[in-house]
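Everything below concerns the one structure shown next.
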Amino acid sequence: MTTPERLAVLVAGSANLDFVVRAAHAPAPGETVLGRELATYPGGKGANQALACARAGAAPARMLLALGADAHAEPIERSLREGGVELRVRRIDDRATGTAFVCVADDGENSIVVAPGANAALRGDDLPALDGVGWLLLQLETPLDAVAAWARRARAAGVTVALNAAPAQALPAALLDAVDLLIVNEGELAALTDLSDPEAALAAVRVPNVVVTLGARGCLARVDGRRLRQRAFAVEAVDTTAAGDTFCGVLVAALAQGDGFETALRRACAASALACTRPGAQTSVPSHVEVERLLQTAEAAALSDPVAAT
C-alpha cells in the first residue's frame, strides 16, 4: 500500500456548519439541559478530514463537496481554501448547506445531530478526474450509493481507497470489496461485525487493512496480516469534536507520502490528541509543526523515562 510521493489525497464527502453549545452534560431522552455559550464552526466529516490532510503537510489535499447557495456555505469554503485544500464544489441551489448541532459536555465528550442538506445531493458521477491522485478518502455522511460508486471508480483507476465508516451503518459487500483501508471506532467496528471485542472484530472484517480507534487507549490495526498497537498521547480534553476526523486525515496524508503504518499511526494519534485540547471542528485541527512538537516532546520523555514509556 505505497503511493508515489506527492500524489494528492482526494477527500469526497460532507461539509457542514456546526452549531456548538457547551453544557454540564448531554441531555438524556426527555431531559432539557441549560447550556452556556453558542458558537459556530466549519465542520462535516469530509471537510474536517480534508483540512487535516492539508495541515499535515505531507501530500496535496483536494476535496469534492456540496454546498447550498446560502450564508452557511461561506465560512466552510473559506476555512478549506485558507487551509490549503483545493476544492471541487457542487452548488445546490434548492437545498441548505449541511448543518450539525453539537452539545459538548464539560468532560469534553460530545453528542451530535446532523442535518445533511446539500450533502445528500452528491452523486456517483460527481467525482472529479483522478489524475495525480494517490488516495481517495471517504466517509458515510453522503449517500451510500455515491460513496460506493466513488470507491469502485478509484479502485479501477489504481487509486488506494480509505473509508472512515462513520456514522455507523450496514455496508454492502460491493463497497467493502473496493476499500483498501477501513478506519472505524469501537462502536462502528462492532456494528460491522456484531463482535464487541476489537481484537476478534479486526479478524472478521473483509477489508485488507483495518484501523480501530480506541479513544484514550490509542488505536489498534491489522495491516498486511500484522497487528499494530499505538498508545494514545495524554492530554487534557476540552472538546473531542473532530478528533476522529483529524486522525483519519493525518493517517492517510502520512501514508500518501510514503510513511510506514507504524509512523503514520503515531502521527495520527498525536494529531488527534491535540485536536481534543481546543474547541470546534476545523478550528481544532493541529498544524504539522504542532504535531512534530508533540512527537518530539513524547520522544524526549520516553528517553528520559523508558520504563514509563513502555
Side-chain angles (χ1 to χ4, degrees), residues 1-11 45 49 52-53 56 58-59 61 133-140 147 151-152 154-155 158-166 168 171 173 175-193 195-233 243-273 291 295 298-299 302 309-310:
M1 291 179 61
T2 58
T3 306
E5 188 177 0
R6 303 308 294 171
L7 284 179
V9 176
L10 172 62
V11 180
K45 284 190 172 297
Q49 292 176 20
C53 281
V133 174
W135 282 75
L136 175 65
L137 176 55
L138 305 168
Q139 322 77 34
L140 300 176
V147 173
R152 291 194 300 269
R155 169 62 70 84
V159 173
T160 306
V161 178
L163 172 65
N164 174 218
L171 299 180
L175 171 56
L176 290 174
D177 288 343
V179 172
D180 298 287
L181 170 63
L182 182 70
I183 310 168
V184 287
N185 64 24
E186 286 183 272
E188 291 152 1
L189 183 61
L192 281 175
T193 62
L195 297 171
S196 59
D197 176 38
E199 289 275 3
L202 279 178
V205 179
R206 59 191 295 161
V207 175
N209 302 281
V210 185
V211 176
V212 54
T213 57
L214 305 172
R217 292 177 288 128
C219 66
L220 181 66
R222 172 172 56 77
V223 177
D224 297 328
R226 297 178 296 142
R227 294 296 176 98
L228 305 175
R229 183 179 288 275
Q230 171 62 50
R231 294 176 58 183
F233 291 76
D245 295 332
T246 299
F247 180 95
C248 295
V250 173
L251 176 66
V252 171
L255 293 171
Q257 76 162 1
D259 284 350
F261 257 96
E262 292 90 342
T263 299
L265 289 170
R266 183 167 173 79
R267 189 174 299 278
C269 278
S272 179
V291 174
L295 290 170
E299 183 177 353
T310 59

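Starting from 1, each residue takes its place in the sequence as its number. Side chains are part of it too, since the values below use all heavy atoms of this structure and drop only hydrogens, waters and symmetry mates.
With R231 contributing its side chain and A216 its backbone, the two residues share no donor-acceptor pair below 3.5 Å. At distances below 3.5 Å, not a single donor-acceptor pair connects side-chain atoms of T213 with backbone N or O atoms of C219. Looking only at distances, no side-chain donor or acceptor of D224 sits under 3.5 Å from a matching main-chain atom of N209. Under the 3.5 Å distance criterion, the side-chain polar atoms of N164 are matched with a main-chain donor or acceptor of I183. In terms of modelled atom types and a separation under 3.5 Å, the side chain of R155 and the main chain of D177 share a donor-acceptor contact. No donor-acceptor distance shorter than 3.5 angstrom exists from the side chain of R267 to the backbone of D259, with no hydrogens or angles considered.
Nearest approach of S272 to T246, heavy atoms of both residues: N-CG2, 4.0 Å. Here the closest non-hydrogen pair linking V11 and C53 is CG2-SG, 4.4 Å. Contact record, V212 with P198: CG1-CB, 4.5 Å, taken as the closest heavy-atom pair. Of all the heavy atoms in L138 and A151, the pair that sits closest is CD1-CB, 3.9 Å. Shortest non-hydrogen contact noted between G249 and L137 is CA-CD2, 4.3 Å. Shortest non-hydrogen contact noted between L7 and G134 is CB-N, 3.7 Å.
When side chains are defined from C-beta on, V291 does not count as touching V250, because their heavy atoms never get closer than 4.5 Å. Here the side chains of L220 and R222 are not in contact, with every heavy-atom distance at 4.5 Å or above. L251 has its side chain within reach of L181: a pair of non-hydrogen atoms, C-beta onward, lies under 4.5 Å apart. The closest side-chain heavy-atom distance from R266 to F233 is below 4.5 Å. The closest side-chain heavy-atom distance from L171 to V179 is not below 4.5 Å.
Note that CG of L255 is 9.0 Å distant from OG1 of T160, once rounded to the nearest 0.5 Å. The distance from atom CD of E262 to atom CZ of R226, rounded to the nearest 0.5 Å, is 4.5 Å.
Of the options V159, V133, V252, a side chain to side chain contact (heavy atoms under 4.5 Å, CB included) to V9 is made by V252 and by none of the others. Partner V207 forms a side chain to side chain contact (heavy atoms under 4.5 Å, CB included) with one of L202, L163, L176, V184 and no other, that one being L176.
Qualifying salt bridge (Lys or Arg N to Asp or Glu O under 4.0 Å) partners for E186, counting only residues two or more places apart in sequence or in other chains: R217.
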